Trainee: 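The structure under discussion is supplied below as structure tokens; questions concerning it will follow.
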Protein chains: 2
Amino acid sequence: MASTNPSFMNGVPELLVLRLLRGRKMYGYEIVQAIREETGEVVSLGEGVVYPVLHALERSGAITSARRTVGGRSRIYYALSPKGVSRLTELTELWSRITGAVQQVLVGGGRAGLV
Amino acid sequence: MASTNPSFMNGVPELLVLRLLRGRKMYGYEIVQAIREETGEVVSLGEGVVYPVLHALERSGAITSARRTVGGRSRIYYALSPKGVSRLTELTELWSRITGAVQQVLVGGGRAGLV
DNA sequence: CATTATACCTTTCAGTTCGAGGTATCAGGG
DNA sequence: CCCTGATACCTCGAACTGAAAGGTATAATG
């Protein structure tokens with residue numbers, strides 16, 4: 001129950017956030033800008049997307065938070081937990097499978113009778 | 001006006017349908033199965049997704065329809081129009097850009113200071 | 001004659017994402 | 001000294017999509 005229709009193309013924001021946190025601890029505002037920059041403006045998730053994702057991830061135990069004040073600026077740094085690492089693996093594989101499947105159709109011309 | 005939030009990850013069903021029609025004329029029921037088969041069950045769009053997409057595409061002039069009876073079976077065959085071809089190009093490019101951008105983040109480890 | 005497969009269709013529901021708005025602090029310009 | 005803009009956090013409501021289920025009709029099969 002509950003799990004109804006996780007539309008096959010979703011969870012990309014979650015994936016991106018987890019992936020960024022794999023490298024270093026980051027805070028929300030920083031993540032918003034990192035996504036924008038690292039994708040060359042192609043993907044631009046607003047704070048209204050990122051913050052809720054962070055909160056959900058923390059609630060599920062995938063990340064942990066620690067408030068720290070840096071240069072008079074109060075920030076909440078998030079770090080990936082082991083649970084978050086496996087969630088990241090899971091989402092990455094899902095992403096591969098799906099984009100691969102779509103690619104298969106896009107290339108498709110080959111009238112695959114392949115076994 | 002109108003254009004609110006076309007969530008950056010959408011329109012994949014439309015893309016798949018257009019792409020399939022690029023090769024040959026097909027009817028709805030056939031498209032549903034083709035997607036399932038060509039993606040190896042990974043992507044499985046129901047009729048409740050495909051038919052509305054077809055109707056929207058026809059309304060927008062991207063495809064044309066012709067009812068034909070084959071072996072006592074009445075089918076509506078759809079064919080790609082020139083407008084549909086450019087729409088397909090457009091969506092394909094968008095798909096590339098987005099998946100590329102996501103991939104960039106996923107690979108990312110490279111601490112890109114690249115210019 | 002009933003069930004299955006073909007073939008079409010629509011409506012309802014739920015989840016995600018977006019956008020806009022709201023607070024507070026710090027730095028800099030006028 | 002104030003006002004603006006950047007930093008940094010947050011939440012709510014609207015909207016769109018896609019999923020599931022249900023509904024009709026015909027042909028073929030047992």
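All heavy atoms count here, side chains included; hydrogens, waters and symmetry mates do not. Here the structure is a predicted model, which means the values were calculated and not measured. Residue numbers start from 1 in every chain, and the chains themselves are labelled A, B, ... in the order their sequence lines are given, proteins ahead of strands.
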Trainee: If you check the A:Tyr29 side chain, which of D:dG18, D:dA8, C:dT10 turns out closest?
Mentor: D:dA8

Trainee: Judged by atom type as modelled, is there a donor-acceptor pair below 3.5 Å linking the side chain of B:Glu14 to the main-chain atoms of B:Gly11?
Mentor: no

Trainee: Taking CD1 from A:Ile35 and C1' from C:dC18, how many angstroms apart are they, rounded to a whole number?
Mentor: 14 Å

Trainee: B:Arg36 has an atom CZ; how far is it from atom P of C:dT6, in whole Å?
Mentor: 11 Å

Trainee: List the atom pairs, donor and acceptor, that lie under 3.5 Å between side-chain atoms in residues 90-97 of chain A and the rest of the protein, sequence neighbours left out.
Mentor:
unit_1	atom_1	unit_2	atom_2	d
A:Glu90	OE2	A:Arg87	NH1	3.0
A:Thr92	OG1	A:Leu88	O	2.6
A:Ser96	OG	A:Thr92	O	3.3

Trainee: When you check the phosphate oxygens OP1 and OP2 of D:dA8, does a side-chain N or O of A:Tyr27 lie under 4.0 Å from one of them?
Mentor: yes

Trainee: CG of B:Leu80 to CG of B:Leu20: how many Å apart, nearest 0.5 Å?
Mentor: 10.5 Å

Trainee: Which sits closer to the 5' end of DNA chain D, A:Glu47 or A:Met9, going by the nucleotide each is nearest to?
Mentor: A:Glu47

Trainee: Between B:Tyr51 and C:dC9, is there a side-chain N or O to OP1/OP2 distance below 4.0 Å?
Mentor: no

Trainee: What does A:Glu30 touch in the nucleic acid at a heavy-atom separation under 4.0 angstrom: a base, only the sugar-phosphate, or nothing?
Mentor: nothing

Trainee: Base, sugar-phosphate, or nothing: which does A:Gly48 touch, judged by heavy atoms less than 4.0 Å apart?
Mentor: base

Trainee: Kindly compute the distance separating CZ (B:Arg68) from OH (B:Tyr77), expressed to the nearest 0.5 Å.
Mentor: 5.5 Å

Trainee: Regarding A:Gly71, tell me which of base, sugar-phosphate or nothing describes its non-hydrogen contacts under 4.0 Å with the strands shown.
Mentor: nothing

Trainee: Whole angstrom is fine here: how far is it from CZ in A:Arg75 over to C1' in D:dA6?
Mentor: 12 Å

Trainee: D:dC10 P sits how many Å from A:Arg73 CZ, rounded?
Mentor: 15 Å

Trainee: Does OP1 or OP2 of C:dT10 have a side-chain N or O of B:His55 closer than 4.0 Å?
Mentor: yes

Trainee: For B:Met26 and C:dC8, what is the distance between atoms CE and C1' respectively, to the nearest whole Å?
Mentor: 16 Å

